[in-house]
Structure formats: structure tokens, C-alpha cells
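The next block holds one structure in the form of C-alpha cells; read it before the comments.
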Amino acid sequence: MSDQDWDIETDLLVAGAGPAGMTAALVASMEGLDAVICEKAGQVGGTGATSAGTLWIPGNSQNRDAGFDDSAEEAATYLDQLIGEDRLSEHRRVYLRDGPGVIDYLEEKTDVKFLPCGMHPDYRNNLAGAGLAGRAIIPENFDGRLLGRDFDRVRPPIPEFMLMGGMMVGKADIINLLGRYKSFRAFRHSASIVLRYLADRIRYRRGTRLVMGNALVARLYYSLKKRNVPVLFESPIDEFVCDGGTVVGAVLNTPTGVKRVRAHNGVVLATGGFAHNPKFRKAFMPDPTPPYSMAPSTNTGDGMTLAESLGAGIDTSGQGAGLWSPVSVTKRSDGSDGLYPHLAMDRAKPGLIAVNAAGRRFVNEAVSYHDFVEAMYRSHETVDTIPAWLICEAAFVTKYGLGAIHPETRNLQKHVADGYITVADSLEALASKIGVDTDGLRNSVNRHNEFALTGTDEDFGKGDLELNRFNGDPAHSPNPCLRPIENGPFVAMAVWPAEIGCSVGLSTDPDGRVLDVEDRPVPGLFACGNDMGSLMSGSYPGPGTTLGPAVVFGWRVAMHAVGKSV
Ligand SMILES: Cc1cc2nc3c(=O)[nH]c(=O)nc-3n(C[C@H](O)[C@H](O)[C@H](O)COP(=O)(O)OP(=O)(O)OC[C@H]3O[C@@H](n4cnc5c(N)ncnc54)[C@H](O)[C@@H]3O)c2cc1C
């Protein structure tokens, strides 16, 4: 192509404005390159906008400064136990090496700021090197008003994660809200966030006090805007432009027509993975293919499809294709279906079990969301476990909440009428309503109740892992995760497998350069985020397993494109 064939000239073209793509563009800009982001949706954020926003960065300085001891070496031991040596070992090595420095870099040079999580156990703390505290960080809350009119350009969280139709709450807010009549501090905090929200709603469609993943993507976007890095909305990357095998640019479908973009230092694919691509779902995900995905509808595997057309390889060497969560299907106020991911709020609490169609427990209910779904699939090999059923008393729902039903909900009728839960006065009636074996459920509950009295779950070890107890009820003893289920009415909720992120993705080298099927770099082409095969090889070591790598490899890709690869 001659020069005049280009509509836009830049150094780095980044496809996708999720956490990975925005980090890559921001770092490229900080390092002196011109960067342009093209985004398929009308808003930035992707899945990241709806996420909890936690990053797993072993040895980070934010936790160290807060007095928590951790090291990348310990984390390496843990990953060796969990994953072992495989073709992504070098990716993990550079990830652990660079992670803390990348976070410090962003904190120093941009508005992307983080807080230490302190206690936040790794998901398999029975393995050597696992951390209990100090490994996870979260973004600092962000004031969406700083974005002015562009606040609307930030994808909102899922409605199920907001209160009063638009107020975001993080874990600390939830604790304060639930304890608002127990301490003045909690009352003051609760009152302040509610008043702020009510004031926001005079001018904005939702609350502007952004937390978790929404704060992360808003901070990235704010930093990009400050550096005048353009985001071209509703402009999906559609085709590469190559010169003798090197990617030199791309064609975008924009609202004002097709635009050809020349990218002197390369094109970065950060389109969020293949979540809504039926072909890839069927090819890579377990059978039966998970019916639901937490990703936005725009994540249709465009990056992988385009790269494949250039001969890129897809890395299927890991242990699985998805990073999973059980989800329940909600009915939203507009009548549409939504998904609630059962990450940490309910499964570990005392007085809940999960059963399959035989009414039998199949898992320690308090394991990580990823491990829970893997157990669903294992159980499904012999007994129908898709969906699985969460079983508890109605009193449990009022106390702890269940899925999208908030704690303190006393009247469950609306949720019964919506089909979100099933309620019955006896376990037998509940079992027959949901089509689960009656004797099986009765026996499982009886056995579980015996364990609840002794505090030891002899079958599945609910409450054994630090993670279990972290998400349990510390006020309940002897085991914060076990309490008898004995008084009706009883409640059942169906949960299904879904992914919160794809783990199979493009084959890359540790600089994020896309590799062809013979492991040779495709010149000019990079991938990061979920377009890149997960360096955790399908396992889920701890909180922040995808956003940590998305940000660190966003940085590495940019550094390589700048010519500063390390
Ligand atoms: C409820 C929930 C909680 C989560 N919590 C965490 C957590 O705490 N920690 C963690 O590590 N992970 C978490 N995750 C997972 C995490 O959010 C994702 O793995 C992460 O956002 C992936 O980042 P990404 O940038 O690769 O993709 P995304 O965030 O999905 O962004 C991809 C972007 O690319 C755009 N796009 C798609 N196709 C094109 C195209 N052709 N051209 C241009 N743009 C395109 C999309 O519209 C989207 O905006 C969570 C996920 C969910 C759903």
C-alpha cells in the first residue's frame, strides 16, 4: 500500500479496550509511541469493567508497605506445585519477575493506582508456596466524575453487582452496609456512600463512585485520555494489512466507514478471547459446552480468528480452556435474563450444600469458583450435575444472601415467581420440585448435619482450606463453613458452568509476540489479555489470575514494541 492509502498512521494499534489493551496502549504512550485503540463496543472496559478488579502480583510493594510479607520466589514454588514445568514456564517466570515493577511503574507514571488486599488466600493453600496474605491488590476507588461526559464511555458493572439500580459496592462497603446498625463507623460509611449515590443520580445514570474492576478500567481510560491516546469506538479490527508476512496495519470497520490504519510498530490483539464464538467454544471447552459466559457479547474471538488466518497457533497445551465460575440465571427488572457469578459471597457460608441430580454432594462447596466448576464436570461424568443445586434454609438467604438475592431479604416470593429459586417446606418436597433424588438429598443433608456438629466435613473438607474459612462466617463455630440445614422452608438454586475468562488463546512468546504453528513469531503481531493463551495453563492459583497477567503482559508487549524488551 502506498502512504496515501492509509486513513490513520500510528506506531501501535491496539484492538480492544479491556484492561490488557488499555495497559498496552498506555505504556506504549508513556514510552514515547503514538498509540491508537480500536474498540468494537461503544464503551471501554470489556469483561474487566464487570470484574472484581483483583490482580495477583506476588511480591508487590503495595502489600509489603502495608506490612505483608510475600515473595515471587514463594509464588514460583506454588506454581510449580500447581502446574509444573510446561511450555509456558518461561511466561510465568517473567510474569513473577516483572509483576511488582509493572504495578509500581503504573502507579508512578499514571492514574492507575492500587491498594493492598492484605489477607486474601491463594486458592490451594495446601500446596507449598501458596500465600495467605500479601499477594493480591485491587484498584483504588475512582471518581467517575473526573471523566466528565466520557463517564458514559465506561462499561457499567452487571446490574446484579449494583444496589438501588446503580450503586457500586465493594467488599468493605458490603461489610459496612450489613453492620450499619452495629457501629457508628459502619453507619457513617453506609450513609456517606448512599448519599453520594443519591446525589450522583441527579446528573448521572449510575453512581460515579467506582470500585473494583470498574475503577481499574476507568483509571486506565482516564490515564489514556490524559495522554490523548484516542479510543475509536464501535470500530472493530476486521482484517490485517501485511507486507511480506509482516503485519503493518489493519482495517477497521468504523461508524464512518472502513478505515485503514498503518501501525509502524505493530498491532496488538487484546479482544478478550473467544467467549461468544460457538466454533471455538465447542472446539476447546469441555462437553457439554458451558451454556453461559460472563464476557460481553462483543468478545467473539475476533483476535484469534484473524491471527489464525495468518497461520498463528492456538495454545491448547494447558489443563483446560476456561477460568470458571458457577452462575445462576437471574431475571432482570426489564425482563431479560442476567447471570450472577457465585464467586465468594454464598457457597462457603455455613448451612449450604451443593448437590447433583442424585441429591449427592460432589464438592467442597467453599473451594474456588474455578475448582467448583471443574468438580461439576467431574461429577457430571456419572451423574447429571449441570445444573448443580445449591441447597439451604430460607433463613440462610436472609442472613447471608444467595446469588443475586441480597442479605436481609425476608420475602422470597418475587424470586420464586421469577423462577430464580425454588422453595418448599420439606426437603422431600424441594427435591421433587427440582427433580433431584429425594432419598439422596435427605441422606446428604443428614450426613452434612452430622459434620456440622463436629465441625469436620469428612467427605469433602468444607472449611479445611484457608480460602474456605476466609469466605465463611467467622462468627460461626466450630467450623465457619458448616451449620446444620434443618428448619424449613428450604431453598434450591440452580447453578451452571460459565467462564469469567477464556484460558485457551493465541500461542505467544514471553514478549507477547504471536507465534505461528511452528512457534516462529508472526512479525508485527502481539497478543495480551485473554487473546493470549493463559500462562496459568488452565489452572487458577489465586485472586487476580487473569487481570494480573493481562496488565503485566500489556506492559511487556508495549515494551517490546518500543524496543525495550527485557
Ligand atoms: C464477574 C467477574 C469477576 C472477575 N473478577 C476478576 C478478578 O477479580 N481478577 C481477575 O484477574 N479476573 C477477573 N475476572 C476476569 C477478567 O475480568 C477478564 O479475564 C479480563 O477482563 C480479560 O481482560 P481482556 O482485556 O483480555 O478482555 P476484556 O476485558 O474482555 O476486553 C476485551 C475488549 O475487546 C473488545 N473487542 C472484542 N472484539 C474486538 C474487535 N474485533 N476489535 C476491537 N475490540 C474488540 C471487547 O469489546 C472488549 O471491550 C472477572 C470476570 C468476571 C466476569
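Read the numbers this way: they start at 1 and go in the same order the structure lists the ligands and their atoms.
- Pairing each heavy atom of F553 with each of V94, the nearest pair is CZ-CG2, 3.9 Å.
- Between the side chain of D122 and the main chain of G131, a donor-acceptor pair closer than 3.5 Å is present.
- The protein atom (non-hydrogen) at minimum distance from atom 11 (O) of ligand 1 is L547 N, 2.6 Å.
- A pairwise comparison of heavy atoms in R206 and P157 identifies NH1-CD, 3.4 Å as the closest pair.
- Residue G45 places a heavy atom less than 4.0 Å from ligand 1.
- Of all protein heavy atoms, the one closest to atom 42 (N) of ligand 1 is I237 N, 3.1 Å.
- When the heavy-atom distances from atom 50 (C) of ligand 1 to S51, G542, G273, G501 are ranked, the shortest goes to S51.
- The contact set between ligand 1 and T47, taken as ligand atoms under 4.0 Å from a residue heavy atom, comprises 17 (O), 21 (O), 28 (P), 29 (O), 30 (O), 51 (C), 53 (C).
- Side-chain contact annotation: D104 with S61, donor-acceptor N/O pair under 3.5 Å present.
- Of the listed options G48, G42, A136, S325, G48 places a heavy atom closest to atom 29 (O) of ligand 1.
- The nearest protein atom to atom 18 (C) of ligand 1, hydrogens excluded, is given as T546 OG1, 3.6 Å; this is a heavy-atom distance.
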Task: Verdict with reasoning, R281 to E499, per salt bridge (Lys or Arg N to Asp or Glu O under 4.0 Å) - done: CA-CA 11 Å; R281 260 187 114 71; E499 84 287 348; 2.9 Å; yes
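- Side chain of Y540 to backbone of T546: no donor-acceptor contact under 3.5 angstrom is found.
- Contact annotation: for T298 versus ligand 1, heavy atoms closer than 4.0 Å belong to both the backbone and the side chain.
- Contacts with ligand 1 closer than 4.0 Å are made by no heavy atom of P543, backbone or side chain.
- For ligand 1, the polar-atom distance check against P296 finds no nitrogen or oxygen pair separated by under 3.5 Å.
- Side-chain atoms of S29 and R227 form a donor-acceptor pair, as typed in the model, at a separation below 3.5 Å.
- In terms of protein heavy-atom proximity, atom 33 (C) of ligand 1 is closest to E39 OE1, 3.7 Å.
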Task: Candidate pair D337 and R332, rule salt bridge (Lys or Arg N to Asp or Glu O under 4.0 Å), full reasoning - done: CA-CA 6 Å; D337 285 347; R332 291 181 172 164; over 6 Å; no
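- The protein heavy-atom contact nearest to atom 44 (N) of ligand 1 is K40 N, 3.1 Å.
- For the residue pair T300/K40, the side-chain donor-acceptor check at 3.5 Å is satisfied.
- In terms of polar-atom proximity, T50 is not counted as a contact of ligand 1, lacking any N or O under 3.5 Å from an N or O of the ligand.
- With hydrogens left out, the protein atom closest to atom 46 (C) of ligand 1 is N299 OD1, 3.2 Å, a heavy atom.
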TODO: Check the pair D511 / R556 against salt bridge (Lys or Arg N to Asp or Glu O under 4.0 Å), numbers first and verdict last.
DONE: CA-CA 6 Å; D511 285 316; R556 285 189 63 79; 2.9 Å; yes
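- D86 and R92 are joined by a salt bridge, as a carboxylate oxygen and a charged side-chain nitrogen come within less than 4.0 angstrom of each other.
- Compare G529, A250, A20 by their heavy atoms: the one nearest to atom 25 (O) of ligand 1 is in A20.
- Judged purely by atom type and a 3.5 angstrom limit, D7 uses its side chain to pair as donor or acceptor with the backbone of R260.
- Using a distance-only test at 3.5 Å, with no hydrogens or angles considered, no donor-acceptor pair links the side chain of H276 to the main chain of S293.
- Heavy-atom proximity to A52, at under 4.0 Å, picks out these atoms of ligand 1: 3 (C), 4 (C), 5 (N), 6 (C), 8 (O).
- Within the 4.0 Å heavy-atom cutoff, P341 counts among the residues contacting ligand 1.
- In this structure, atom 23 (O) of ligand 1 lies nearest to the protein heavy atom P19 CD, 3.8 Å.
- Formation of a donor-acceptor pair under 3.5 Å by the T10 side chain with backbone atoms of L13 is not found in this model.
- Heavy-atom proximity to G18, at under 4.0 Å, picks out these atoms of ligand 1: 25 (O), 29 (O), 31 (O), 33 (C).
- Interface of T54 with ligand 1, defined as ligand atoms under 4.0 Å from a residue heavy atom, comprises 7 (C), 8 (O), 9 (N), 10 (C), 11 (O).
- Numbered from 1 in the order shown, with element, the atoms of ligand 1 that lie under 4.0 Å from a heavy atom of N530 read 18 (C), 19 (O), 22 (C), 26 (O).
- Less than 4.0 angstrom separates some heavy atom of A270 from each of these atoms of ligand 1: 32 (C), 33 (C), 34 (O).
- Residue contacts with ligand 1 include C38, since one of its heavy atoms falls under 4.0 Å from the ligand.
- The residue I158 has no part lying near ligand 1, judged by heavy-atom distances below 4.0 Å.
- The closest protein non-hydrogen atom to atom 53 (C) of ligand 1 is M294 CB, 3.3 Å.
- In this structure, I37 and A17 approach most closely via the heavy-atom pair CG2-CB, 3.9 Å.
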